Structure formats: structure tokens, C-alpha cells
Amino acid sequence: MIISRHYNVGDELGHDIFSLKGRLLIPKGTVITERIYQQILKWEEIGMLTSKTAEDSDESTDEEQPSQVGVSVSVRRPTSDSQASEPGATIPVEKPPSGKIDSISESGDKSQEVLYEKFLSLKKSKQEEKLFQESIETVRDVFMDIRQGNGFQEEPVRKMTSDIVDTVVKDEKVSLRLSRLWDLDDHILHHSVDVCLLSTMIGINLGVSGDDLRRLATGAILHDVGKIYIPKSVLNKQGPLTERETELLKKHPVFGVKYFQDKESMLSKEEYFCILHHHEKCSGNGYPQGLQYAQIHLFARIVAVADVYSMATSNFGHHDKVDQLHAVDILAKEMTDYLDKHIVHVFVDRMRDLMLNTKVRLNTGEEGYVVKFYIDSPLLPTILLTDDKDGRKVVSPYLVHLRERPDMFIKQVLREKMT
Ligand SMILES: [Fe+2]
């Protein structure tokens, strides 16, 4: 049973909803708000829900059951049978053409091959998103344990970072793709997984591998754990912080390390460095110790780059969210004295793959695709201009070199890719 088809916003949930791992996600009796409804849709789409309880799930924790989406639910308020009134009908979910795949791939038909490729890519993206969501759930449990004064559950974190590392080693671009998922709530959890994915990708490109890569990933996921001890009124404050609030916020690296020291946790020294030194700056004016470049461990310098990018692209807290291109520009230009230049260069170089063929809108209202990307000036790529300011296709698309056009600049990065 697909839950989203049997409830509307405002209904009361008639049954507990569990994750595949048996974790209670939404308890029975919860009134479904718009946000909860959207979250259920997302979980259903990536096959993350099950009817199994925590006890049941012990036997088959690792078993993936993407087809068993939904639970047995008792509906408090029956919905109409009409298609238009079904919640699921108002938000279309793309369905893979599962029954036709073999014949499609054998037919040799070009359009069908494209369809098949789309199916494969959709399936892959859902697997990636599932990893992202499950990682967030693990981090949520770990952070909650710490907040409640319980011990640090090391094993699930090691398992999760191992899964992330294995995934990114297979396809490092997964980090950049998943790094776009910023529409969700609960900033610290998403930020932690985001920084873990990006740090792992950077590490791979710097030649880090094996257990070292796992230590980097673990350090990255735990880097902001000390924020648990910072009041939410400070963390979630819109607008600039007061001096006192800033000083308190700056203590989170020390708070994080202190927690693990108090628990006599067996974190490696690299993992400690990620937590303690991810706000140190190469120029020496970072915190908490004011270390300089050579004194900051490579892994902490990697996490620092991932952290700045992730914060810039999030709509969290004390600054305005920027798109990926502007975030890269911040890294490449504004942070040169603070961040490790070589690591930034490696990261921006990988971003090139993501940005090429992406559609952008210029200040003139015209639109086009990024066809050449310059590492030293990410905001001034070469654009293949395809749409005029009134949204009409131009007869002959032409190149615009933004480096040579001071009167033109990118106003917005659009999601669309050139096909
Ligand atoms: Fe931090």
C-alpha cells in the first residue's frame, strides 16, 4: 500500500511508519503536515519505508526491498477514489518502464535506448538518494545519543562512512550530485553528510585511499558534532550574530573534541583533527588555536573546503544561500588566504564536470549553456546563448565569452542540462 495515496495533509496517521532498518520514522497518531507529506513522498520514491518493526528487522537489516514500499495502514479519513483528489496524483513521481526494458534494449531503437538510459540513471540517482537519507538517519541517531548523554555509537558511524566511501570511490561525482539536496530540514544532519561526501571526493582526488579515506570520511561526518552544545537560538538565528554569540559558536570544535575525550572514544588522531581544526585558516587567524597552514592536518584542510562550500550552498542561518557557481567563486576568490589553495583547485576542477552544459540565466534575461569553465574565474564561463530575453529560441545560437563582457554576468544557475 502506498501511504501517500491514502492520506491527505491534515489526516491523522493510523499506523507507525518505519525505515528499512526498523527505525520508527513517524509514529501513529501524527497529524500529517505538508512537510511530513512531502517527506513521505520522498521516502516512498526511493523505497525507504517498510512495515517491519525494529524487532522484525533484525533478521533482514541489510535486505533491500524497494518494491515493498508502504505499510499496512488504517486510514482515519478515507480519501476519494477520484484520481485528481489523490495526494499522489498532485505530485507526479516518475515511474521506471520496468516491464519493457529487455525489449527496449534489444530493439536498437534510438529513442528507446535513450529511455532505457534515463531509467538506469533514475534508478542510480534513487539509490544515491537513499544512501544520503539513510546516512542522515544514522547521524540523527548518533547526535541524539550524544545530546541525551548516552555513549557514542561508533559502529554504525563506521559502517555508514564505509558505505559512503565505497559509493564515492565507485563514482566520485555522486558527491556533487547529492550535494544539491539542500531543500530539506534539520541543517546539521544534512550538512554533516554533505561535508562527508564532498571531503571523500576531494580526498580521492588527492590520492587518499583505504583506511585513511575512511578516517577522513568519519572525521568529516563528525566535524560539527560540538554544535549540539550550542543553543538553537544561536544556530538558527537569521541575520548576523552578536559578538557574544559568535564567541560561543566558535567553541563548537572544542566542545566536539571534549565530548569524545570524556567518553574515551577510540577516534583516530586524524578524526580528532577534523573536528578540532576545521575552522583553522592557513593565514593563521582561524579558531580555536590560530594555527597556520603547515600546522593544520591535511584532513582538516580538506574538511574546511567542503565545509565552506556546503555552508555557502545551504539556506541556513546567517547568510544568503548562493548557487553552486557562486559558491565555487567564493572558494576560488574570497577564501584564498584562508583555505588550502591546492585543495580548492582540485575541488573547483571537479566542479567543472558538474557545471558544463548547465543552463544559466544572464542579467540581460538571455539564457544559454556553460560550454567552457575557467577555474580561476568560475563566474565568467563561456556561454552558448540559446534563448533571447523574451524566452524565444535564437535562430543561430552563438558563443558569449563572459570574460570579455563586463556588462554581462550570470544571475541564476538553472537546473536544466543541454542534451
Ligand atoms: Fe564547524
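Predicted model only: the values in this text are computed from it and were never measured. As the structure lists them, so they are numbered: ligands from 1, and atoms in each ligand from 1.
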Asks: Is D163 paired with K159 through a side-chain N to carboxylate O contact shorter than 4.0 Å?
Replies: yes

Asks: For the backbone of F409 and the side chain of N363, can you confirm whether one donor and one acceptor N or O come within less than 3.5 Å of each other?
Replies: yes

Asks: Does the distance from a Lys or Arg side-chain N to an Asp or Glu carboxylate O, for D387 and K359, drop under 4.0 Å?
Replies: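 Answer for the salt bridge query: yes.
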
Asks: Inspect the contact between E271 and R158 and indicate whether a charged nitrogen and a carboxylate oxygen are less than 4.0 angstrom apart.
Replies: yes

Asks: If you draw the axis of the six-membered ring of Y293, does the NZ or CZ of R301 fall within 45° of it and under 6.0 Å from the ring centre?
Replies: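 Yes, R301 and Y293 form such a contact.
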
Asks: For a distance under 2.8 Å, give residue and atom name for each protein N, O or S atom next to the Fe ion (ligand 1).
Replies: D224 OD1, H252 NE2, H278 NE2, H279 NE2

Asks: For S310, is there any backbone N or O sitting under 3.5 Å from a side-chain donor or acceptor partner on T313?
Replies: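 Here the side-chain-to-backbone pair exists.
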
